[in-house]
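Proteins get letters first, then strands, A, B, ... in listed order; numbering begins at 1 in each.
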Number of protein chains: 2
Amino acid sequence: MGFKERQQRHKEEFKAEILETAVALFAEEGYAKFSMRKLAARIKHSPTTIYLYFRDKDDLLLQICENLYASLLHEMQELRALPLPPEQMLKATCLSYIRYNLANPEQYKVVFFSNPTLYGRPEDYFTRDTMSNRCWQNMCENIDACLTSGFFRPLDRDILAIVLWSAMHGLVSSLIFTKDFPMPDPEAMAEMLLDGLLKGYRA
Amino acid sequence: MGFKERQQRHKEEFKAEILETAVALFAEEGYAKFSMRKLAARIKHSPTTIYLYFRDKDDLLLQICENLYASLLHEMQELRALPLPPEQMLKATCLSYIRYNLANPEQYKVVFFSNPTLYGRPEDYFTRDTMSNRCWQNMCENIDACLTSGFFRPLDRDILAIVLWSAMHGLVSSLIFTKDFPMPDPEAMAEMLLDGLLKGYRA
DNA sequence: AATTGTAGTTAACGGTGTTAAGTCATGGGA
DNA sequence: TCCCATGACTTAACACCGTTAACTACAATT
């Protein structure tokens, strides 16, 4: 049985190496110039080898995203440990989301561009144990805390959560993608967005 | 001189026809499956013919976007004619932006995906007379009205404008691109976003 | 009638994601 | 120890893509 185990371990290590190289290639060349063939060249294997470890390009991208969400979740969980009132906790979490994604623009593009086919059917979203889902749960708990503490006035939790997220998503994606417009300082934007929204929903 | 004029007119008509067909192809097949070769097949010409009328694919996409912004601007200008207080005018304009783009998701994708190289350098943005720029000016005027009327508290106009826009952009793009998450009703989301933001910046 | 300009073409280049078929080393059972 | 089955990996190919260079055919000007 020793052989099969070693074999298995080697496969997993190789897969991890491919993923790591893919992330590096992404960070260096950007989404547009990334290709399976370039990745293959970099890991010094034929393009088809990748398909032994990933179903297709989308599958590879999906797993890059999961890695991204995993470390984002990690950051958020560190925040959770701090003793902050609900509204400050929510704001800190949102700021963390914005900053983290602005610091990893190419991965964010992967999430964005691959999104359409990335995960499965929408009605199954909450049943899948993805890093994305866990981040979402964390976000929702923070919002719930603001609602039950009475900091926010009574609002539909689900709509509020997705609205907050989509506003942050808009900020991040416009900063990342916009190349033809003179964008202001990201921190000032984030501050104004969160300040406005949190005030706007206050009781 | 009669010939050259007819020739010129024919060229313009043909170009318009290509553009129209491109928009149709886009609406039907979506951004991902759109290609110059398919467009060529549909207009019953060789792929290279398109290059006599458009520099490259991005140029074609850019002009589709300009068409989109042109009719959006038209909608906004109709709103401007109504006798509304600044805050209601701003809200109506924002709602119009959101609804219009949600009704034309594929064009919105073009704007989004082509954005990076679409227009030129950011510092030149305001000097170019593009439909995008005109829409932006309209938006800014509405915000200025809310600031000078005292409805909003004193805030940096430029940052406020781009923050408002990016929040709307986030709402639209998340609704258009998200396929793996059960999104709530777009109107309810738009209402909550605008309600929150406008309250949040109020004096 | 010869010349020039030009709309449109064909053929090709270099790239893409992906699949089918084949190679070849190696561990496990006889 | 020999055979063979497994499976990692490769080669070759398919069907696309955007784009360019070179060519053709035709009409207007000279």
Length of the line joining [X]:[atom1] and [N]:[atom2], which is rounded to integer Å:
{"X": "Lys11(A)", "N": "dA8(D)", "atom1": "NZ", "atom2": "P", "answer": "4 Å"}
{"X": "His10(B)", "N": "dA7(C)", "atom1": "NE2", "atom2": "P", "answer": "9 Å"}
{"X": "Met36(A)", "N": "dA15(D)", "atom1": "CE", "atom2": "P", "answer": "20 Å"}
{"X": "Phe54(B)", "N": "dG18(D)", "atom1": "CZ", "atom2": "C1'", "answer": "16 Å"}
{"X": "Leu60(B)", "N": "dC17(D)", "atom1": "CG", "atom2": "P", "answer": "15 Å"}
{"X": "Leu39(B)", "N": "dT19(D)", "atom1": "CG", "atom2": "C1'", "answer": "15 Å"}
{"X": "Asp58(B)", "N": "dT19(D)", "atom1": "CG", "atom2": "C1'", "answer": "13 Å"}
{"X": "Lys57(A)", "N": "dT16(C)", "atom1": "NZ", "atom2": "P", "answer": "9 Å"}

* Asked: With sugar-phosphate meaning primed atoms plus P, OP1 and OP2, does Phe14(A) contact a base, only sugar-phosphate, or nothing at under 4.0 Å between heavy atoms?
  -> sugar-phosphate
List, with names and distances, any nitrogen or oxygen atoms from the protein found under 3.5 Å away from nitrogen or oxygen atoms belonging to nucleotides 9-15 of chain C.
| residue | atom | partner | partner atom | Å |
| --- | --- | --- | --- | --- |
| dT9(C) | OP2 | Ser46(B) | N | 3.0 |
| dT9(C) | OP2 | Ser46(B) | OG | 3.4 |
| dT9(C) | OP2 | Thr49(B) | OG1 | 2.3 |
| dT10(C) | O4 | Thr48(B) | OG1 | 3.3 |

* Compare all side-chain heavy atoms of Trp165(B) with those of Ser174(A) and state whether any distance is below 4.5 angstrom. => yes
* To do: Ignoring hydrogens and angles, state whether a donor on the side chain of Gln63(B) or Asn67(B) is under 3.5 Å from an acceptor on the partner side chain.
  => no
Sub-3.5 Å pairs of nitrogen or oxygen atoms, protein against nucleotides 23-26 of chain D:
none

* Asked: Under 30°, 30 to 60°, or over 60°: which ring-plane class applies to Phe152(B) and Tyr201(B), parallel, tilted or perpendicular?
  -> perpendicular
* Asked: Relative to each other, are the rings of Phe14(B) and His45(B) parallel, tilted or perpendicular (30° and 60° limits)?
  -> tilted
* Could you please spell out the steps behind the side chain to side chain donor-acceptor pair (under 3.5 Å) verdict for Asn138(A) and Asn142(A)? => CA-CA 6 Å; Asn138(A) 188 299; Asn142(A) 279 316; 3.1 Å; yes
* Is the count of non-hydrogen atoms from other residues, nucleotides or ligands lying under 6.0 Å from Glu20(B) atom CD greater than 12? -> no
* Give a yes or no on whether Gln88(A) atom CD has more than 12 heavy-atom contacts from other residues, nucleotides or ligands under 6.0 Å away. => yes
* Verify side-chain contact (heavy atoms from CB on, under 4.5 Å) between Ile18(B) and Phe54(B), making sure each step is shown before the conclusion. => CA-CA 10 Å; Ile18(B) 296 175; Phe54(B) 301 93; 3.7 Å; yes
* **Charged N-O contact under 4.0 Å between Glu28(B) and Lys33(B)** => no
* Asked: Counting only side-chain N and O atoms of Tyr53(B), is one of them less than 4.0 Å from OP1 or OP2 of dA7(C)?
  -> no
